Visitor: 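After the structure tokens below, expect a handful of questions from me.
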Amino acid sequence: MRKKVVWIVIIGLFLAAITVGLWRYSARGVDVRLEGLKYRLGTIHASEVEPAAIRIEGTVRRMLSGKREFRGTVEIEGESTPVSKEVMKNLTFRARKGEGFHLIYPWFEGGGNMHSFLLGELYANNDFSQITLTLYDHQEDGSSSWGGDDGLMLSAPAKDRTEAIRLANKLMAHRLEGLQPLK
């Protein structure tokens, strides 16, 4: 009888472990539209704030390595990019634990020429109900840059610049570890 109870407990623990594993590592749907603010960092740029909306649609899953994988579409409403809508759909982006999804959009043009557009890095909580996005400034020579002193950001949901920066510091805490908080 005692042996039977031990086996029942072992099988129960095994089934519980499988259930937790499936729940933790299975893909989850993401379909959000968030309203927030687009703003530039730095106290001298405090007046550079405008409303912005972002649409994120796809699936996210956690990998055994601890990385997160997002497959889908990230679109800032009203923003124009050199990337066609077809290229922006259903791309896969990966992020290490605590880091952002590096949003690079590659495409080919006639003659096999490859191009890419770097939008920025997307930081999100587990269910994508809070996001912050570092937006790269693009130069005419094709280079792009972002800096913690004057970089362009989009944070949502946020009603004012203070709330947006607080959210950015929260979601980017791993990246900002040991550095000054964003201002």
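Side-chain atoms are counted along with the backbone in the values below, which use heavy atoms only and exclude waters and symmetry mates. Owing to the predicted nature of the structure, the values given are computational and were not obtained by experimental measurement.
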Visitor: Could you give me the CA-CA distance, side-chain angles and deciding distance for Arg68 and Asn126, then say whether side-chain contact (heavy atoms from CB on, under 4.5 Å) is met?
Guide: CA-CA 10 Å; Arg68 290 194 304 167; Asn126 287 334; 3.8 Å; yes
Visitor: Can you see which heavy atom on Pro157 is nearest to which on Glu163, and at what distance?
Guide: O-OE2, 3.8 Å
Visitor: State, yes or no, whether a side-chain contact exists between Met88 and Val74 at a heavy-atom distance under 4.5 Å.
Guide: no
Visitor: Is His138 reaching over with its side chain to a backbone N or O of Leu118, donor-acceptor style, under 3.5 angstrom?
Guide: yes
Visitor: Within the structure provided, determine whether Met63 and Arg94 are in side-chain contact (heavy-atom separation under 4.5 Å).
Guide: yes
Visitor: Can you tell me if Glu77 has over 12 outside heavy atoms packed within less than 6.0 Å of its CD?
Guide: yes
Visitor: So do the side chains of Lys170 and Asn125 get within less than 4.5 Å of each other, counting heavy atoms only?
Guide: no
Visitor: Do Asn169 and Lys183 have side chains that approach each other closer than 4.5 Å (heavy atoms only, starting at C-beta)?
Guide: no
Visitor: So which heavy atom on Gln139 is nearest to which on Ser145, and how close?
Guide: NE2-OG, 3.8 Å
Visitor: Looking at CZ of Arg62 and CZ of Arg28, how far apart are the two atoms once the value is rounded to the nearest 0.5 Å?
Guide: 7.5 Å
Visitor: Does Arg40 form a salt bridge (charged side-chain N to carboxylate O under 4.0 Å, His left out) with Asp149? I'd like the steps, not just the answer.
Guide: CA-CA 9 Å; Arg40 190 163 294 278; Asp149 294 328; over 6 Å; no
Visitor: Do you reckon Leu176 sits in the same ILVMFWY cluster as Leu154, going by side-chain contacts under 4.5 Å, direct or chained?
Guide: no
Visitor: What distance separates Ser144 OG from Leu135 CG, expressed to the nearest 0.5 Å?
Guide: 11.5 Å
Visitor: With sequence neighbours left out, what residues match Tyr136 under ring pair (Phe, Tyr, Trp, His ring centres under 6.0 Å)?
Guide: none
Visitor: Side chains of Ile56 and Thr73, heavy atoms from C-beta outward: is any pair under 4.5 Å?
Guide: no
Visitor: Heavy atoms only: give me the nearest Arg161-Gly42 pair and the separation to one decimal.
Guide: NH2-O, 3.2 Å
Visitor: Grab the two heavy atoms, one from Thr132 and one from Met153, that are nearest each other, plus how far apart they are.
Guide: OG1-CE, 3.5 Å
Visitor: Say whether Leu133 and Leu34 are linked into one hydrophobic cluster, either directly or through other cluster members, by side-chain heavy-atom distances under 4.5 angstrom.
Guide: yes
Visitor: I want to check something: taking the side chain as every heavy atom from C-beta on, are Phe108 and Asn113 in contact at a cut-off of under 4.5 Å?
Guide: no
Visitor: Measuring from Thr81:OG1 to Tyr105:OH, what's the distance to the nearest 0.5 Å?
Guide: 8.0 Å
Visitor: Is there a salt bridge (charged side-chain N to carboxylate O under 4.0 Å, His left out) between Glu57 and Lys89 once you walk through the steps?
Guide: CA-CA 9 Å; Glu57 193 173 352; Lys89 290 185 186 265; over 6 Å; no
Visitor: Can you name the nearest heavy-atom pair linking Leu91 to Pro106, along with the distance?
Guide: CD1-CD, 4.2 Å
Visitor: With sequence neighbours left out, what residues match Phe70 under ring pair (Phe, Tyr, Trp, His ring centres under 6.0 Å)?
Guide: Phe128
Visitor: Dump the intermediate steps for side-chain contact (heavy atoms from CB on, under 4.5 Å) on Asp31 and Arg55, then the final yes or no.
Guide: CA-CA 8 Å; Asp31 188 3; Arg55 175 98 178 143; 2.6 Å; yes
Visitor: Might you work through the side-chain contact (heavy atoms from CB on, under 4.5 Å) test for Trp7 and Val9, ending with a clear yes or no?
Guide: CA-CA 5 Å; Trp7 275 108; Val9 169; over 6 Å; no
Visitor: Does His174 have its ring centroid less than 6.0 Å away from the ring centroid of Tyr123?
Guide: no
Visitor: If I take atom CZ from residue Arg166 and atom OG1 from residue Thr162, how far apart are they, to the nearest 0.5 angstrom?
Guide: 6.5 Å
Visitor: Is it true that the side chains of Thr59 and Arg71 contain a donor and an acceptor less than 3.5 Å apart?
Guide: no
Visitor: To the nearest 0.5 Å, what is the distance between CG on Leu171 and CD1 on Ile131?
Guide: 8.0 Å
Visitor: Charged N to carboxylate O under 4.0 angstrom, Lys67 versus Glu99?
Guide: no
Visitor: Do the non-hydrogen side-chain atoms of Ser155 and Tyr39 ever get within less than 4.5 Å of each other?
Guide: yes
Visitor: Between Glu75 and Lys85, is the closest basic N to carboxylate O distance under 4.0 Å?
Guide: yes
Visitor: For Trp107 and Ser84, indicate whether the former's side chain and the latter's backbone hold a donor-acceptor pair under 3.5 Å.
Guide: no
Visitor: At their closest point, which heavy atom of Phe93 faces which heavy atom of Gly72, and how far apart are they?
Guide: CE1-O, 4.3 Å
Visitor: Side chains of Arg175 and Glu121: does their closest heavy-atom pair fall under 4.5 Å?
Guide: yes
Visitor: As an exercise, state the distance from CD1 of Ile54 to CG of Leu122, rounded to the nearest 0.5 Å.
Guide: 6.0 Å
Visitor: Mind checking whether Leu167 and Leu41 sit in one hydrophobic cluster, side chains of I, L, V, M, F, W, Y counted as touching below 4.5 Å?
Guide: yes
